Each structure stands twice: as structure tokens, then as C-alpha cells.
Amino acid sequence: MNRSRLVSTCLMIAGFVLYFLLNEPETGHAMHIMEGYLPLSWALFWWAVFLPFFILGIRSINKIVKEHPEMKLLIGVAGAFAFVLSALKIPSVTGSSSHPTGTGLGAIMFGPFAMSVLGSMVLLFQALLLAHGGLTTLGANAVSMAVVGPLVAYGIYQMIMKVGGSQRLAVFAAAALADLATYVVTSIQLALAFPAESGGVLASFAKFAGIFAFTQVPLAISEGLLTVLVWNWLLSY
Amino acid sequence: MNGLQLDSLSYQNRLKCLPPAHKLLLASALLLLVLVGHVWMQMAVVVWMTVWVVVYAQIPVRIYFAFMIVSLSFFAAGLPALLVEGARAGEVQVQVAAAWELGSYVLYVPMSSFSKVWILFWRTMASLSCFAFILFTVPFAEILQVLRRLRMPVLVTDLLMIMYRFIFVLITISHQLWIAQRSRGGHRGFRATLRDAGVLVAQLFVRAMRKYEALHKGMAARGFGESMQVLSFHTHARSRRYEWESIAGCMLLVLLEWWTGGWR
Amino acid sequence: MTSRLLEFIDLQYKYPGGREPVLSGLSLWIPEGKKCVLLGRNGCGKSTLFLHGNGIIEPQQGQVLWKGKPLVYKRAALQEMTQKVGLVFQDPEHQLIASTVAEDISYGLFNQKLPVDVIREKVERVLDAFGLRELAEAPIHHLSLGQKRRLALAGVMVMEPELLLLDEPTAYLDRYQTKNLLRELDAIHRQGTTVLMATHDMDIAFEWAEWICIMDKGRLVFAGDPQEALENRAMLESLHLGMPLLVDVWEALPEQWKRELGGNIPRSVDELRKMLSVQRVW
Amino acid sequence: MTSRLLEFIDLQYKYPGGREPVLSGLSLWIPEGKKCVLLGRNGCGKSTLFLHGNGIIEPQQGQVLWKGKPLVYKRAALQEMTQKVGLVFQDPEHQLIASTVAEDISYGLFNQKLPVDVIREKVERVLDAFGLRELAEAPIHHLSLGQKRRLALAGVMVMEPELLLLDEPTAYLDRYQTKNLLRELDAIHRQGTTVLMATHDMDIAFEWAEWICIMDKGRLVFAGDPQEALENRAMLESLHLGMPLLVDVWEALPEQWKRELGGNIPRSVDELRKMLSVQRVW
């Protein structure tokens, strides 16, 4: 057994410890904004923010698919895989688990715009098959999880690779920061919709971000570790 | 068995014979009404939608309530942020239900927060019940058919179709791998469970890639082209009784909204 | 003389990364209008051969002829080939893509760019022919394996292929389901489609086939009449496929009985019964 | 009297979201030390029953007894059950978890937390016993189906279970592979493990079994001696499993021949051959 395999085993164990601690039912899916939580105006606003990215994403996938029609099948299977990962530990109707796991990895592999399409579809299935999140709030959830997350992941990855950092570090940072960005954006969305009476949006952001930090910060780290493991594994395959 | 019980239930619900477009229209109209309306009307929507889901669609009450409660956990998690305010000591000028001093700052719960939360609670409850109506009575295959008729880009419906198909293929595989691990004495203790889960994810990925390769050949054999158009069959029957009830109900709700508060 | 519908000439194929070639100089032809069986052990190259049959794989060496003309490996021509040669995979999961039964059947027709009315009519007909009418709106993941197999077959037959290739269609089916499938294949054959089934089940092969090809290690070992194959016991045994049970039983019978029954190995219990009823001297 | 190794009492089970119960009041026991076969069509609930057998599924109603004591549905006790009751799945793909043959065999042993030396020794022994020595380091996805089946069996047998449950172990194997498998099962049985094989293959069932249970639609239809089952033709036919070929042949034979052979339906070709050789008056 060589050293890198040992390291990756340790990483895997550490990653999963965190992952399962935090993904117990009730806490894990707390970052999907539920149906009806946002007022109509904000729900519409976030849909409006999301749609241009979605359309860009459709275009970029269309370009890929024109040249390689079979890529459509690959993207579809990859999306199903991402969904199943997020649904793995489901105890009941509504279940536990989290955001589209692997947005970071997907963004690095397929590019951020394609991810906005894939991610939002995973979100739609999470809403319709698992009752995570909602339909009117799908726009807001998609902005945080399928647009900002992948964009951050892609940006960080490119940046670290350009500076000449190690690929593993780049993958870890990309996935972990993508998660953090998702959580920050969701907190902003909630703060905007429910500004505090004293201190306004900023104070409200502090409150929401504070509550969700308990679950989301460790989750980001574990997702980072997990992504590195999958990445290693992909390279060796 | 595999957790996607919602999907199975939606194919068995008693309202499956109604046209999916009608059900979606009713749910979206109500969602819109709920999002712009007020508490009394929202309460009425909760009751009415619960009747649709539990009585008309025959979804077991236990499952419907489990859905509601687990969904509300997000609401519960957000409660502290909505209720508690913070300010410098001495700056608080509103009526306060409770307060804690923390150095020069004070954390307090203003009376006005309660009404805010009350309003939010009924809005989410009412929206959830409409959401439940969609989840429990319109199977995904029919949602996809409606999306096609709404002229969604072909790419979107194609991808949704492939994903929907393969979600079940992969869920089955992961379920079987999980049972196999347990049958061979796996998942013993915390660390072993984690290691087994890691192996499962990795194996699932390999299987997913193999499925893709096989699917590629399978589709090529069926003349896979640019788009993946399909034709759906309907045996839906319109029902006077339900159409009458939805239209009358919506009108009553609008009246109720106008009477209890209107659009100020 | 029967005409050659599909012909493989000296095919060689090696998967990238594979150690041994899967096909090593295979030549084979399929007579038009017959019920053919391709016998061979697991892993002998049957599935790879089938993928050559409708042009999905281009041969690395050798040639594939359709009605005497070599296949053209261009997109439009291949699209046409996939319609003429229907291929049913061993695992139906790999062939079903849409969300409901009726939708899946219509999938191939849209690739042919037929008008919607025609498609609807064809789908209706196939739904009835394969007894899938009641399941038309059922989601595919609710079907049993037998039903999925039937659907995969229906989705191919709706294209009205001239040649139907089936890869181990009876794998994992129980006896009842197998009987049903064979009955369906008989119906398909009667309507003028040539059928070639790959299998390693000797009993099914000899009961059903009118023409038998036997493959081993990427080569053709035998092609011809089933009775002829049965008489060549040494060859069959060298393949380790076992003998059809009836042959074993037959061999166990005393010479005298066999002579009284006419000497020809019966291919099914029904045939044996018939032979016995003719000999009702008992 | 043989003792009851595993007993199911009035089991009922319905999958969440499923319309019909899979098991509806099934009672069944497995005699210790016998070669048992569980016959039933696809989808009759055999696999679900097996998962009750080692405690993976807790019965919704009814009871499971191991040597007369009810199973305890607690983690440690269940862990022990999965070791005592080895379960081999129909599709080895679903059972093989690690990446190489030796690793996969050792998986269950590591779960038992045995010392590494002991594990190494046991794995070595099993590698030899199942003829997998040469493949020890081979990655699993390079194995053929037959090899995968053998490996799945080896990975279970290394735990030295008292009862071995096999779900359709011969599905999709060719005749040669099936023969080998049955020989391996005989060896396992001789070493003192009770074996229960689920199958829908009548020929194999009656050739191999010493005890036969027949299931249909989640209930037990018959349990007892194979010869007894064979004589109850009406029951067998109502199951649509078909009859064993030998029985069909036997029935087709003229009364006089049958009488001359002794009147008992032979259970394998070998038996028929023996009967004939005794009657060498011909």
C-alpha cells in the first residue's frame, strides 16, 4: 500500500465522519429555502437573476451536444448520479441530505454554466421527488447552489492552478469554498427578504449566517475532502 | 425500499386520471393567491388542499403530515433569526416580550416579531399544502409532458427525461450494494459505516459510467439522433365535479380575501 | 436456395485495452426468413458480433454485407441500418430511455422523422400486439424484468425491422415467461421478420431454431441444420455447452426403443410424444 | 426427525409505496443438513424472504426463528446472524464490493474484526477451495459472469456460515457452469452447511434437491419430499413453472415401458440411465 493511498484513506474517513455527522435528518437539508418562505417579490427577483445563467448554460451545453450528441446521455447520467448521492441516506418520505453534492467537481469538469443547468435540474428533482426546497423558491435556491457555487468553484480552481498550486489543493478549495459561497448567498437571500428591525439587512444577515454556520461550515470542509477523494479516484480509474 | 416513496405514491393517487395540466394550473393559481394574500384566506387554502390530498387523492394522512412536519423544520431553524433582534442597550424603543443583556448590547424579542412570524407561518403552511398537492397528485412523467407542451427547450426536457430514468436505475443499484454490505457484516460501528459508504459511492460512480457506455450503445441501436422526442398517451378524463369545485373554490377564496383584508 | 440477408466476412475485432481479440476471423451468414439461433458460451463474442450487425461497431478487419452490399459507415446510412436491423440487448435497462411505456415505444419512430399521426397509430398497434396496453402510462421503473424485456422488444419491433437480433433474450426469465417470449418471437417470424437469437441454452436453441450457428472463441464452429448439429455430438461436447436434456434422455434409451421410434432425435417433448403416438403398437 | 434450522412463521411484508404485499402469511422451515430448494416464479417473494432470513429486513408481521429462538433485531445480534446465514445474491454485480478478488473475499472477515493473520490464512484457503488462486489479484471487472458468481460464493463461504441461502445461483449460467456450481454446492453441503437455493428451474430443482418448498404469490404452496411434489402434477402445473423435462418425457413414454422401469419418475438422466441398466433385458 503506497503512501498516497494511505493518505486518501485517512482523508476519506475524516470526510465521511464530518459528512454523516452533519447530514443526519432535520439539519442537513436546512439550506434549501422551503416553499412559500420568500415573499412573491423576492421569489420573482431570484428567478429573474437565475434565468440568464440558465439560458447561457443551455447554450453552452447545446454547443457541446451538437458536436457530440452522446454527451447528452453523459450529462443526464451524471445528473442522476449527483441526485442519487444527495438522496443516499433517506430514512423517510422527506429525507435528509443536502445540496447537489459535487457541484464543485461538476463545475471543474463541465464548466460553470453547464453546471447551472445540471444543478438546477437536480434541485428540481430534489423538490419533486424528495420535497427538499420548493417550486417558487427554486429560483433563489438555484442562484445560490447552481450558479454562485459552481462559479466560485470554477474561479478558485482556475486561480489556484494558474498560480501553480497543487491540483488537490485546488480541488479541495474549489469544492469547500463553493459550499461556503452557497451558504453565504442563501443567508443574503434570507436577510434581504427579512431585514431586522434594528440594523436592517446587515444585522439580519448576521443572524441567519450565524444560525446556519453551525451546520454549513463543517459541511463545506467535509465536502471539500470528499471531492478530493473522488477526484483522486477518478484520476486513477 | 428506496426512499422515493413520493414518486410511487403519485402514480397511485386517486386523482391520477385528471388532466395534469389542470392540476398544475389549480396549484399554481392557489400558490399565487397565497403569496399575495392574507392569513384567513391562507388558512382556508390549507384546509381545502388537505382535503384534496387526503380525501380526494387518498394519500395516507400519516405520510401527508410527516411531509408537512419535516418541511417545516426549515421554518423552525429560521425562527431565532426572525424573532430575536439585537441593539445597543438603551436604543430599544419598542414593546418587548423578552430581553437579555449582553454587555453593552441587548438581545430582545419585540412583540411585533410574533405577528411577523404568524403571518409567515401561514404563508408557508398554505404554500406547502399547494406544493404537496403537486407532489402527491402529479407524477413526474406527466409534469414532463406538460413542460413539453409549454415549449420548454428540447434540451431541458431531454435531460430531465434521461435523469428521471437513471435516478431509479442508480437508486436501485445503490440500494442493492447497501444491502449486500449489510449482508456481509458491513456497517459495523461508526468507522466501518463510513468506510463502507465511501466504497459505495465509488462503486456507484463506476456503475454509473458503465451504464452510460451501455446506454450509448443501446440508444445508437435505436437510431439516436439530435433530439429525443417522444409521444405520450393520455387516458385522462376531465371531471365536471372537480372542475366545478376548483373554480368555485378559487372564487370563494378571492371573495374571502377581499372581505377579510383585500389588497391594501 | 435461401438468400443471405446479413453476412459477416472474416471479422476481426479487439477491444482497445483488451488482451485477446473478441472476434478472430469470423465468417457467418444469416439466411433470410429463418428462425436462427447463435449458440455460444458466455463471453464468446456474440454481443460484439451483434453490434457489428447494425453498424454500431465498424469492423477493424473484414466486412459486413447487407443483402450482398457492404455497409456504409456514414451517419445517414447507419440510421437506416439501425431501422432495418433491430437489436434487443440482453439488459433491457440499457435500451429504455423515456419515462413511460408508450413514450418509450414512440422514441425510435421520432428518430425516423415520421408524422405524428403515423407514429400514434403504430404505437397503438404495438401496444396491443405486445399486451402492453394497460401499462401504456406506467413509468418504466415500475415494470418487472419480464415486462421490461417485452417493452424493449416492442420498442424495436415498432420500427418494423427486416432482421431482429436478440442477445440472450431468455436470461433470467422463468419458464413461463420464456414460453411467452418464444411465442411472441414465433409471431414476429410469421409476419416476415428474420430472427436471430443468441443464447447458450441448448434446450431452447434446439427446440426453437430452424438454423443454428455455433461460435467459440471468436470463430464460427458450425452453421446449418439443427438436426445435423445434434448428430455431431463430439463437436457439441467440445464446446462445454452441455447437451440438450432431451438428447441425453434419448441416448439413455435402449437401442431397440430408439429404432422403434424411427431413429431421429426428437427436438422437443411434443415431437417425442408425436413419435410415440405414431408407434401406438404398445 | 430433522431439527428446524431456520423457521419463518406467518410472515407478512409490503414494501412502502408498493400496492400488493410481497409476502402474505408465509410459514416455512428449513431442515438442518439438507439440500433444499425454494421454487417459485420471478417476483413471488423469494428474494424478500431471503432478506428476512438473515435479519436485514425486520418482519412487519410474523416471526423468524433461528434454531427455535426468535431473531433479535439489534445491531450486534444481527451482525452475528449475517455470519451464520450466508446470503448469495442473484446478480453478483450487486454483491462484489472491493476492487480485487482477494480484497473482496476478505471484506466479510474484516467486518468480523479478526486478526490479520487469521484473515490471511482463511482467504488463502478459500482461494484454493474455489479455484480462484490465479485470479487473486485480478480486478473484479475483468472477471466473467461465472467467475463473479464463484467469487460471490467464496466471499460468503469464507465466513463459514451454518446456512447458505442462494438466490437464483444458476440464472444465466450456461450448462457447463451450472454443473460446476452444483458440484461446488454439493461439496459445501458435505462439509456440513445446510444449503437453500431459490430457483425457477424445475430441472435443476428436482435433480439436486432433497427437500423442496414451493412458493406462489407470497405464500407457501408445498414443502416436502421432491418425489411427493412430482406426483402432484396438478399443483406443479398451476404454478406455470412448467414441468421438469424428465417428467414430461416420462409421461410421454408408453405405460408398458414405465412399468418395466419400475414406475418411479426418474429425477435425473443419470437415474434414468441407472434404471435402464438394471433392466438390461433389452
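Letters A, B, ... mirror the listed sequences (proteins, then strands); counts begin at 1. For clarity, every value in this text was computed on a predicted model and none was experimentally measured.
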Q: Which residue pairs pass the side chain to side chain donor-acceptor pair (under 3.5 Å) test with at least one member in residues 125-134 of chain B, sequence neighbours excluded?
A: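 Qualifying pairs: none.
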Q: If contact means a heavy atom pair closer than 4.5 Å, which residues of residues 203-210 of chain A contact chain B?
A: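 Checking residues 203-210 of chain A against chain B gives A:K207, A:F208.
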Q: Side chains of A:V77 and B:V169: does their closest heavy-atom pair fall under 4.5 Å?
A: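 A:V77 vs B:V169: side chains apart.
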Q: Nearest 0.5 Å, please: how far is CG in B:L155 from NZ in A:K66?
A: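 Reported to 0.5 Å precision, the distance equals 9.5 Å.
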Q: Measure B:M219 against the heavy atoms of chain A and call it side chain, backbone, both or neither at under 4.5 Å.
A: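 Contact with chain A is through the side chain of B:M219 alone.
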Q: With chain B as the partner, which of A:P39, A:G134, A:A43 has the greatest number of non-hydrogen pairs under 4.5 Å?
A: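 Counting heavy-atom pairs under 4.5 Å, the top option is A:P39.
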Q: Tell me, with the steps shown, if A:I75 and B:M163 meet side chain to side chain contact (heavy atoms under 4.5 Å, CB included).
A: CA-CA 9 Å; A:I75 294 174; B:M163 276 176 71; over 6 Å; no
Q: If you take all heavy atoms of B:R123 and A:Y37, which pair is closest and at what distance?
A: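 It is NH2-O, 2.7 Å.
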Q: Check each atom of B:L120 against the heavy atoms of chain A and say whether the ones under 4.5 Å are side chain, backbone, both or neither.
A: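 Side chain of B:L120 only, per the 4.5 Å heavy-atom cut-off to chain A.
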Q: Among A:N62, A:L74, A:I58, A:V65, which residue forms the greatest number of heavy-atom pairs with chain B at distances under 4.5 Å?
A: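 The answer is A:L74.
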Q: Suppose the criterion is side chain to side chain donor-acceptor pair (under 3.5 Å): which pairs have a residue in residues 152-167 of chain B, not counting sequence neighbours?
A: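 For residues 152-167 of chain B: A:K72-B:D158, B:D7-B:Y164, B:Y11-B:Y164, B:R165-C:E93.
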Q: Name the member of A:L118, A:V117, A:I61 that forms the most heavy-atom pairs with chain B at distances under 4.5 Å.
A: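 Ranked by heavy-atom pairs under 4.5 Å with chain B, first place is A:I61.
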Q: Step by step, work out the side chain to side chain contact (heavy atoms under 4.5 Å, CB included) result for B:F74 and A:H32.
A: CA-CA 8 Å; B:F74 181 89; A:H32 286 72; 5.9 Å; no
Q: Among B:I167, B:L159, B:I162, which residue forms the greatest number of heavy-atom pairs with chain A at distances under 4.5 Å?
A: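 The candidate making the most pairs under 4.5 Å is B:I167.
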Q: Atom NE2 in A:H132, atom OG in B:S71: separation rounded to 0.5 Å?
A: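 Between A:H132 NE2 and B:S71 OG, I get 8.5 Å after rounding to 0.5 Å.
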Q: If you round to the nearest 0.5 Å, how far is CG of B:L35 from CG of A:L38?
A: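 Output value for this atom pair is 9.5 Å.
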Q: Which heavy atom in A:L128 sits nearest to a heavy atom in B:L6, and how many Å separate them?
A: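 Taking every non-hydrogen atom into account, O-CD1, 4.0 Å.
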Q: Check each atom of B:L160 against the heavy atoms of chain A and say whether the ones under 4.5 Å are side chain, backbone, both or neither.
A: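 Both backbone and side chain of B:L160 come within 4.5 Å of chain A.
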Q: Taking atom CZ of A:F81 and atom CE of B:M209, what is their separation to the nearest 0.5 Å?
A: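 Here the interatomic distance stands at 7.5 Å.
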Q: Go through the steps to decide whether A:T136 and B:F131 satisfy the test side chain to side chain contact (heavy atoms under 4.5 Å, CB included), and finish with yes or no.
A: CA-CA 9 Å; A:T136 57; B:F131 185 43; over 6 Å; no
Q: Give, as side chain, backbone, both or neither, the part of B:Y64 having an atom under 4.5 angstrom from any heavy atom of chain A.
A: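 Interface part for B:Y64: neither.
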Q: Heavy-atom cut-off 4.5 Å, strictly under: side chain, backbone, both or neither for B:I173 against chain A?
A: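 No part of it gets close to chain A.
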Q: Identify the two heavy atoms, one from A:A131 and one from B:L135, that lie closest to each other, and give their separation to 0.1 Å.
A: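 Nearest heavy atoms, A:A131 then B:L135: CB-CD1, 3.7 Å.
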Q: Side chains of B:Y212 and A:E70: does their closest heavy-atom pair fall under 4.5 Å?
A: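 Yes, at least one pair of side-chain atoms sits under 4.5 Å.
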Q: Decide if the gap between the ring center of B:F140 and the ring center of A:F125 is smaller than 6.0 angstrom.
A: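 Yes; A:F125 has its ring centre under 6.0 Å from that of B:F140.
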Q: Only heavy atoms, only distances under 4.5 angstrom. Which residues in residues 185-193 of chain A are near chain B?
A: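 At a heavy-atom separation under 4.5 Å, chain B is reached by A:L190.
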Q: Kindly indicate, with the supporting measurements, whether the criterion side chain to side chain contact (heavy atoms under 4.5 Å, CB included) is fulfilled by B:V156 and A:F54.
A: CA-CA 10 Å; B:V156 176; A:F54 186 74; 3.9 Å; yes
